[in-house]
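If you're wondering where the values come from, they're calculated on a predicted model, not measured in any experiment. Chain identifiers are assigned alphabetically (A, B, ...) following the order of the sequence lines, protein sequences preceding nucleic acid strands; residue numbering begins at 1 within each chain.
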Amino acid sequence: MDLQGFGAQLAAGTWVTVQLAIVSMACAVILGLLGASAKAAGPAPLRALGTLYTGTVRGLPELLVILLVYFGAANAINAVASTLGYTEYIALSPFMAGVIALAFNYGAYMTEVFRGALATIPAGHREAGQALGMGRARIFRRIVLPQVWRVALPASGNIFLSLIKDTALVSVIGLEDLMRETSVAVGYSKEPFTFYVAAAFIYLGLTALTTLAIHGLERRTTHGMRTLSG
Amino acid sequence: MEETAIELRGIHKRFGDLEVIKGIDLTARRGEVVALIGASGSGKSTLLRCVNLLERPDAGQILFNGESIDLRAGRDGTLRPAHHDQITRVRAGIGFVFQNFNLWPHMNVLENVIEAPIHVSGLSRRQAVAEAEHLLEKVGLGDKKNAYPAFLSGGQQQRAAIARTLAMKPAVILFDEPTSALDPELVGEVLGVIRQLAEEGRTLLIVTHEMRFARDVAHRVVFLDAGRIEEQGPPSEVFGRPRSERCRAFLATHLSEDEGVTLS
């Protein structure tokens with residue numbers, strides 16, 4: 001396959017895509033944990049907020065959310081900053097906008113995953129910690145979270161795969177990710193098929209690596225569980 | 001034997017409209033083994049869970065080694081611990097053994113046992129492991145320390161849970177129907193461990209349906225009925241000459257199910 005000298009650009013774009021996916025997923029996981037905690041055990045206003053969040057985000061096209069965040073988040077951030085007495089304009093880079101949009105979006109899905117995982121942990125596991133004199137934070141960190149991870153892992157893996165693919169949407173706001181670099185190469189070379197196929201293989205490579213990593217993690221976290229493989 | 005380990009005063013507890021504990025006073029002296037018996041729904045498990053505030057009573061006072069646990073009313077009217085430091089310290093001194101064991105499935109047996117000694121008592125890992133291995137030997141699980149709970153029988157899980165509780169060196173241990181979730185052939189091994197603890201002079205409060213065990217091991221038997229203490233006394237009196245009609249009726253059904261019991 002002749003990439004006509006665009007190989008380095010595609011590699012750079014791939015690197016941006018990888019960073020975008022990983023940072024967005026990390027933020028989505030944190031949002032998901034917060035959202036799930038709010039929905040599962042928070043006071044009524046927080047619960048309502050959580051429901052509003054997941055209900056709205058899951059009902060909107062991802063592309064629309066990305067555009068809303070890109071054009072709305074900068075204004076929102078500057079409005080907040082100016083009320084705090086910060087007067088200089090804060091520009092939102094396409095990468096930051098992409099992370100915020102993807103994290104906001106996928107945080108909603110992760111909220112539901114974690115909520116389901118939290119519900120599988122019997123109250124007795126927490127009570128056993130309480131009865132031994134453990135505090136709430138320690139019970140959450142040592143007893144609840146490790147179990148939530150392993151219950152949530154398969155679904156989270158699928159969500160991460162979707163997120164990797166959806167990073168391509170962020171090219172519409174000018175982020176120089178793999179999709180964007182591919183389009184640029186197509187524009188110059190007039191050989192769309194070659195470059196789209198190249199991009200397809202790169203995305204497939206990324207998702208294949210991710211799948212392997214998820215399987216590795218699943219093997220590591222299922223210790224103590226009765227599984228078919230023993 | 002005279003010093004009080006646990007004292008409950010005027011405990012009330014309701015779930016919605018249903019009042020399950022209707023004003024109970026109960027004392028366990030140091031070294032005393034108290035068995036709580038009664039029909040399902042009589043409130044005995046709820047009462048036990050109120051002792052270390054896993055259940056929040058609506059009214060009453062709880063004293064541990066003479067120290068009153070500070071309580072404050074929450075928005076729903078139930079009493080909850082007022083001071084986080086006090087309740088965690090008190091809970092660390094009161095062991096609780098659950099009907100369903102509640103071992104943490106993502107940790108092996110040893111990790112289950114050393115978790116609280118390391119993170120609550122501040123023991124070094126080496127010391128915690130040494131003590132845990134000793135305790136696991138004691139409950140007959142010396143060879144299972146690296147096993148995960150899902151790979152143990154119910155009786156083994158309950159013995160591991162008892163070792164986990166003992167690792168905190170509690171002054172009092174509460175048992176909430178410790179053998180009710182076990183297959184009949186596994187009951188004996190767990191009761192054997194509890195009997196051993198009783199013989200060591202520990203303070204135990206045991207909610208149980210094992211009448212013969214209660215009669216043999218307890219110093220005092222407390223019969224609960226509809227949220228009140230209906231009758232209490234030494235096992236020989238409660239089992240041998242029950243005064244209340246309800247207690248007689250309860251024992252008539254439960255003793256006949258419990259093979260091998262002879263009333264003396």
Side-chain angles (χ1 to χ4, degrees), chain A residues 33 36 40-48 113-114 116-156 214 216-230, chain B residues 48-49 51-55 75 81 84-109 111-122 146-152 157 160-161 164-170 172-176 181:
Chain A
L33 280 176
L46 273 181
R47 270 207 303 272
V113 168
F114 285 137
L118 275 173
T120 65
I121 297 168
H125 290 185
R126 292 192 190 87
E127 289 181 350
Q130 286 178 339
L132 290 161
M134 294 168 74
R136 283 183 62 153
R138 193 173 301 286
I139 289 172
F140 187 73
R141 200 159 49 82
R142 300 282 305 171
I143 316 279
V144 177
L145 258 193
Q147 297 193 66
V148 164
W149 288 143
R150 69 179 189 182
V151 175
L153 193 62
S156 309
I214 292 164
L217 273 178
E218 278 180 24
R219 264 199 305 279
R220 274 188 52 191
T221 51
T222 48
H223 60 77
M225 289 168 96
R226 282 183 179 277
T227 56
L228 288 177
S229 58
Chain B
L48 197 74
R49 289 165 57 81
V51 174
N52 68 349
L53 289 157
L54 287 180
E55 212 68 74
R75 205 180 291 174
H84 180 258
D85 293 346
Q86 186 193 33
I87 189 62
T88 49
R89 178 168 50 79
V90 166
R91 278 177 176 155
I94 302 178
F96 197 101
V97 176
F98 298 85
Q99 181 177 354
N100 296 315
F101 333 130
N102 287 331
L103 291 173
W104 302 310
H106 59 297
M107 299 181 183
N108 67 27
V109 168
E111 289 165 343
N112 265 277
V113 177
I114 64 176
E115 178 69 22
I118 290 176
H119 293 292
V120 179
S121 311
N146 294 319
Y148 283 90
F151 297 88
L152 299 179
Q157 289 191 51
R164 177 174 70 176
T165 298
L166 290 174
M168 291 301 286
K169 306 186 179 72
V172 178
I173 307 176
L174 314 174
F175 288 90
D176 185 11

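For a heavy-atom cut-off of 4.5 Å, chain B lies close to A:Gly124, A:His125 in residues 118-126 of chain A. Contacts from residues 144-156 of chain A to chain B, taken as heavy-atom pairs separated by less than 4.5 Å, involve A:Pro146, A:Gln147, A:Arg150 in sequence order.
With a 4.5 angstrom heavy-atom cutoff, B:Ile87 does not touch chain A via any of its atoms. For B:Asn52, the part lying near chain A is the side chain, with the backbone staying farther off; criterion is any non-hydrogen pair under 4.5 Å.
The closest side-chain heavy-atom distance from B:His84 to A:Arg136 is not below 4.5 Å. By the 4.5 Å heavy-atom criterion applied to side chains, B:His119 and A:Met134 are not counted as neighbours.
Across B:Arg164, B:Met107, B:Arg89, B:Met168, the residue that shares the most heavy-atom pairs under 4.5 angstrom with chain A is B:Arg164. Ranked by non-hydrogen atom pairs under 4.5 Å with chain A, the options B:Thr88, B:Ile94, B:Leu174 are led by B:Thr88. Chain A forms the most heavy-atom pairs under 4.5 Å with one residue out of B:Arg49, B:His106, B:Glu115, and that residue is B:His106.
Annotation for B:Thr165 and A:Leu132: closest pair CA-CD2, 4.3 Å, computed over non-hydrogen atoms. The shortest heavy-atom contact between A:Ala131 and B:Phe96 is CB-CB, 3.7 Å.
Rounding to the nearest 0.5 Å places CZ of A:Arg142 at 9.0 Å from CH2 of B:Trp104.
Other residues, nucleotides and ligands contribute at most 12 non-hydrogen atoms within 6.0 Å of the CZ atom of A:Arg219.
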